[in-house]
Amino acid sequence: METFQALLARKLAEALAAADLPPTGSVTPATDARFGDYQSNAALVLAKQRGENPAAVAEKILAHLKVGEWCEAPTIAGAGFINFTLRTEIVAARTADLLQDERLGVEKVAPPKRIVIDFGSPNVAKPMHVGHIRSTVLGDALARIASFLGHDVVRDNHIGDWGTQFGMVIYGWKNLLERAALERDPIAELVRIYKGANDRATADPAVREACRQELVKLQAGDAENFGIWKECVALSLREFEAAYKILDVHYDIQRGESFYNDRLADVVERLLKSGLAEISEGAVCVFFRDIPELADKPCITRKRDGGYNYATTDIATVDYRIQDLKADTVWIVTGAPQQLHFRQIFEIARREGYTADFRHITHGSILGDDRKLMKTRSGDNVALRDVLDEAVVRARKIVDEKNPELPDSERGDVAKIIGIGAVKYADLSQYRMTDYIFSWDRMLSFQGNTAPYLQNAYVRIRSIFRKAGEEFVPAKTLTLTAPEEKNLATRLCQFGEVVPTVLNDFRPNILANYLYELANSFHAFYEACPVLKSEEPSRSSRLALCELSARVLAKGLDLLGIKVPEKM
RNA sequence: GCGCUCAUAGCUCAGCCGGAUAGAGCAUCGGAUUUCUAAUCCGACGGUCGGAGGUUCGAGUCCUCCUGGGCGCGCCA
């Protein structure tokens, strides 16, 4: 189903061709209701190119513009904008069509791409903390959206399951482990023995050496150490799964760093052989002498001691994703600090001849009230589990207070949907690069751009249908009389325009903002237009608007990984 | 030192490819409810878009410089 925006852009292009003008300019939603529904700057752009009067160019375009079927007569305004106002009957007809459309007006992309999305990437033997929310939630939302648009998406959890920290963990396991504690709370115990080993190593060089030896043994394939490592990984995976279940996040594959271990030597040999890498101060390095910003920042792919580091792993990961997974494009969702690293990795990939589209999708941090990285009072990372638990507890309190009639059995589920939704939405509704300040009160508020506000719009609609009782048969034709009705209907028609734009710059907040405006339009409609008590044909028409609003809200939130309750 | 990134209302944030008089929410003040969830809606107040130049018919958006914050820069990941 062609969106109004696409249709008007096509009509504009036809008019330009007919007027013997080059195809240019764009059609965008109007910046203000005064200007109608859509606007085009084509005349301005052309006037600039040709040194002509914008208004005159606009007149010329208008003379060839054939949109009478769809719009009121286009007008020229301001510096030379062409304004389009959709005919109400057209909006009504499209709204009715959307009710028959499972995709709610969102067209699939052609051709689809195979996209490997790398997000989340927690570390083994460490607890997941607030810092993991952004990458996980953002990556999941992008995966959902790309998938819905028809792309072939592979969600890959690049788990940090290999590295020097295992020297400490294994030493701690052998010398400090308490089995009972491990069974009670595995990750807490792993953290405890890691810290214990680290403290000892700091104080005693002999322990530091012992830790190093444990690491060497692990890397050499020592059976005992390998067994301990495997158990740590298994314990951590169980912990991750629990978090993913609560967050409703799913992965297609989990290729941890260790997956690439046996490919690292070949990677380095290949880089040396091709001349991309050279030996410098005993280490194998790739230099970027022709790129000014990177000229003094080499990438080390093998340390002087023969060990490999994460750059090597990531180069091997590129190989795997392109050659084995056949990715057309790879999206890596991590915090901004890793920008330099991935710039280097992508540059190496390019030099090796890979033509795939590599994107490093960065995001900012979650801050506390003090505008510094969110930490506990004692300075530790805030555990993800604690955040999620508290979200549900707080949501439960609100539900208890606001809706005491709700059966006790339902409140727990509703609290989960609201609490987890609030945490996710707080993240996704903001531009991903912004460092944002974590605030329970704001994210759980029913006012403003929050998950509960959107969920409430959906719940109000469900309430209407429960009260209506009868089975809903969508109206074949809608009658949009009140301005709130047309406004709501027009917005509903824009869902298909908004969803694809999210991927232009990987900004789920564009979708979030749209949903917020949609919910706001719905609430305004709800206030102004009684549904069940109105006369036909308004009644069926308004029920249809309600139904479509509910579907778009639910689908839009689903694309963000957020659920909606039936009551709240 | 080099690089990345951010700076918009008292506070928290939008503002994708440059477009018309820069928008929300909170807070403050004022309205709306015999009515489908008032968990809402409508309105008022509030801005040298960090600063200075530049490109452009047009700059919060692009370029240069400066200031301030965050982060990163050969053997951690």
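As the structure is a prediction and not an experimental result, all values here were calculated from the model. A, B, ... follow the sequence lines: proteins, then strands. Residue 1 opens every chain.
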### Task
Considering only atom C1', compute the distance from B:C11 to B:G1 and round it to an integer number of Å.
37 Å

### Rounded interatomic separation in angstrom, taking NE2 from A:H523 and C1' from B:A24
15 Å

### Closest to the A:F81 side chain, choosing from B:G19, B:G74, B:A14
B:G19

### Message
Please tell me if A:Y453 has a side-chain N or O lying less than 4.0 Å from either OP1 or OP2 of B:C41.
### Response
yes

### Euclidean distance, atom CD of residue A:Q430 to atom C1' of B:U12 [Å, nearest integer]
8 Å

### Query
Any N or O donor-acceptor pair linking the side chain of A:K48 to the base of B:G58 at under 3.5 Å?
yes

### Task
Sticking with atom C1', work out how far B:A7 lies from B:C45, rounded to a whole angstrom.
25 Å

### Task
Check if the side chain of A:T28 and the base of B:G19 share a donor-acceptor pair of N or O atoms closer than 3.5 Å.
no

### Message
Looking only at the aromatic ring of each residue, does the gap between the centers of A:Y453 and A:Y516 stay below 6.0 angstrom?
### Response
yes

### Task
Calculate the interatomic distance between A:Q5 atom CD and B:C17 atom P; express it in whole Å.
14 Å

### Query
What's the OH-P distance between A:Y458 and B:A39, to the nearest Å?
20 Å

### Task
Using whole Å, report how far CZ of A:R442 lies from P of B:A27.
12 Å

### Query
Which whole number of Å gives the distance between the P atom of B:U8 and that of B:C13?
10 Å

#### Entry: Spacing of A:F525 atom CZ relative to B:U40 atom P, expressed in whole Å
18 Å

### Task
Compare the minimum distances between each of B:U12, B:C16, B:C42 and the side chain of A:N504, then state the nucleotide with the smallest one.
B:C16

#### Entry: Base of B:A22 paired with side chain of A:D32 (donor-acceptor, under 3.5 Å)
no

### Summary
Given the 90°-from-0 boundary between syn and anti, B:G46 should be labelled anti

### Task
Report yes or no: is the ring centroid of A:F446 under 5.5 Å from the six-membered base ring centroid of B:A39, with the two planes under 30 degrees?
no

### Query
Has the side chain of A:Q165 got a donor or acceptor that lies under 3.5 Å from a partner of the other kind on the base of B:A77?
no

